[in-house]
Novice: 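One structure, pasted below without further comment.
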Number of protein chains: 2
Amino acid sequence: MTKKKKSGKTENLVPALRGHIWIDGSKGTFLGYGRVVLLERIREYGSITKAAKALEISYRRAWVLIDSMNRQVPRPYVVTSAGGRRGGGTSVTPEGERAVALFWKIHENLQQFIKKQDAAVRSLYDE
Amino acid sequence: MTKKKKSGKTENLVPALRGHIWIDGSKGTFLGYGRVVLLERIREYGSITKAAKALEISYRRAWVLIDSMNRQVPRPYVVTSAGGRRGGGTSVTPEGERAVALFWKIHENLQQFIKKQDAAVRSLYDE
DNA sequence: TAGCGTAATATACTAAAATGAATAACGCAA
DNA sequence: TTGCGTTATTCATTTTAGTATATTACGCTA
């Protein structure tokens, strides 16, 4: 994802410090990078089926991710409907959008954090 | 307002922000929480076999973790010997110790980071 | 030389996670 | 009423990570 060429900004040096963040609920993780990207695809396509295809994961996988998320959150992050004019669909709720926005914000902060700490890591490996 | 609880120290509130860090090399991850704990057990016991038992992982798993680490690092983090008075053994090199110390330092910083960011997460879920 | 406790390695098995395919329910429209 | 595209759900299969077990090499000691 952070794969840059020769521009000089985000070099892909190795070794490199990496990091992840996610949010745990009482029944396990309910929000992380994968789910957030999935939410954005659902927003884009209005459909779990199409979002799953775009991300090259199975419908079932997408559904499980969404279900485990929706069931741990006070108010659902996506709402679904089956049947109707276009067969049904799925949309992201305002609560979901807030969560997505917050996740990206923290994610961004984490990248800053890692960038800082990475200096110490790199100093381990060059003289 | 933030939720108030009855005990005082490390509350296990949910939802809770979590995070991990690790170091990637050209052939994948070579240092993370698991390997660092393993290094510490090797230091403690002087043996991969015993360290693996203490961590309740298979010898093979421990060996693979160590090997993938050692082979991506300029100078090995552990050195092994087979045969001899006590059958052989494994010890952590100064380079390994430095890496362990640095990892824990960054890990600690990450905990501080998460603690700060977690406030924003929590505010998503209480009124 | 035989015995020991270890590292190193190969192979077969196990368990968990994800996939793929099939099916039913849904609700609108023609 | 039939067709359509979606969600929801089940089940068999595949993939993958890890375990369990066995074997060999090693080097010291008795």
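Just so we're on the same page: letters track the sequence lines, and every chain starts at 1.
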Novice: Hydrophobic clusters here meaning ILVMFWY residues chained together by side-chain heavy-atom distances under 4.5 Å, can you tell me if B:Trp22 and A:Trp22 are in one?
Specialist: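 No, separate clusters.
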
Novice: Please determine whether residues B:Tyr33 and B:Ile23 belong to a single hydrophobic cluster, defined as Ile, Leu, Val, Met, Phe, Trp and Tyr linked transitively by side-chain heavy-atom distances below 4.5 Å.
Specialist: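 In one cluster with B:Tyr33: B:Ile23, yes.
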
Novice: Would you find a donor on one side and an acceptor on the other, under 3.5 Å apart, between the side chain of A:Arg122 and the backbone of A:Ala16?
Specialist: no

Novice: What residues in residues 22-32 of chain A put a non-hydrogen atom under 4.0 Å from any atom of DNA chain D?
Specialist: none

Novice: For residues 71-80 of chain B, dump all side-chain donor-acceptor pairs below 3.5 Å to protein atoms at least two apart in sequence or in another chain.
Specialist:
| from | atom 1 | to | atom 2 | distance (Å) |
| --- | --- | --- | --- | --- |
| B:Gln72 | OE1 | B:Ser26 | N | 3.2 |
| B:Gln72 | OE1 | B:Lys27 | N | 2.8 |
| B:Gln72 | NE2 | B:Gly28 | O | 3.3 |
| B:Gln72 | NE2 | B:Ser68 | O | 3.3 |
| B:Arg75 | NH1 | B:Glu95 | OE2 | 3.2 |
| B:Tyr77 | OH | A:Tyr125 | OH | 2.5 |

Novice: Mind calculating the distance between CG (A:Leu65) and P (C:dA17) to the nearest angstrom?
Specialist: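 From A:Leu65 CG to C:dA17 P: 13 Å.
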
Novice: Measuring to OP1 and OP2 of C:dT6, would you say a side-chain N or O of B:Thr90 lies under 4.0 angstrom away?
Specialist: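 So the side chain of B:Thr90 is outside the cut-off, no N or O lying under 4.0 Å from OP1 or OP2 of C:dT6.
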
Novice: Where is the tightest heavy-atom contact between A:Ala51 and A:Leu38, given as atom of each residue plus distance?
Specialist: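 Here A:Ala51 and A:Leu38 meet closest at CB-CD1, 4.0 Å.
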
Novice: Distance-only criterion, 3.5 Å: show the donor-acceptor pairs between side-chain atoms of residues 56-65 of chain B and protein atoms not counting sequence neighbours.
Specialist:
| from | atom 1 | to | atom 2 | distance (Å) |
| --- | --- | --- | --- | --- |
| B:Ser58 | OG | B:Arg61 | N | 3.1 |

Novice: Would you say B:Asn70 and B:Phe30 make side-chain contact, with heavy atoms under 4.5 Å?
Specialist: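 Result no, sub-4.5 Å side-chain heavy-atom pair not found.
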
Novice: Would you find more than 12 non-hydrogen atoms of other residues, nucleotides or ligands less than 6.0 Å from B:Arg85 atom CZ?
Specialist: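 No, not enclosed.
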
Novice: With the threshold set at under 4.0 Å for non-hydrogen atoms, list the residues of residues 34-43 of chain B touching DNA chain C in residue-number order.
Specialist: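 Hits under 4.0 Å, by residue number: none.
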
Novice: According to the interplanar angle, ranging from 0 to 90°, do the rings of B:His107 and B:Trp104 count as parallel (below 30°), tilted (30 to 60°) or perpendicular (above 60°)?
Specialist: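 Taking B:Trp104 first and then B:His107, their aromatic rings stand perpendicular (interplane angle over 60°).
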
Novice: Does some side-chain heavy atom of A:Glu97 sit less than 4.5 Å from a side-chain heavy atom of A:Arg43?
Specialist: yes

Novice: Is it true that a side-chain atom of A:Arg41 and a backbone atom of A:Leu55 form a donor plus acceptor pair closer than 3.5 Å?
Specialist: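 Side chain of A:Arg41 to backbone of A:Leu55: no pair is present.
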
Novice: Are A:Ile48 and A:Tyr45 connected in a single hydrophobic cluster, I mean Ile/Leu/Val/Met/Phe/Trp/Tyr linked by side-chain heavy atoms less than 4.5 Å apart?
Specialist: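 A:Tyr45 does not cluster with A:Ile48.
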
Novice: Students should find this one: the first and last nucleotides of DNA chain D, 5' to 3', lying under 4.0 Å from a heavy atom of chain A. What are they?
Specialist: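 The contact span of chain A on DNA chain D goes from D:dG5 to D:dC11.
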
Novice: Need one value for B:Thr80: base, sugar-phosphate or nothing, where a base atom within 4.0 Å counts as base even if backbone is also close, heavy atoms only.
Specialist: sugar-phosphate

Novice: Treating A:Thr29 as the side-chain partner and A:Leu31 as the backbone partner, does any N or O pair qualify as donor plus acceptor under 3.5 Å?
Specialist: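 No, A:Thr29 side chain to A:Leu31 backbone: no donor-acceptor pair under 3.5 Å.
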
Novice: I'd like to compare against my own output: the B/S/- annotation of nucleotides 18-27 of chain C with a strict under-4.0 Å heavy-atom distance to protein.
Specialist: SBB-----BB

Novice: Are any of B:Lys50's side-chain N or O atoms less than 4.0 Å away from OP1 or OP2 of C:dT6?
Specialist: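 Result: yes.
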
Novice: Using whole Å, report how far CG of B:Asp67 lies from P of C:dA10.
Specialist: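 In whole Å, C:dA10 P and B:Asp67 CG are 11 Å from each other.
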
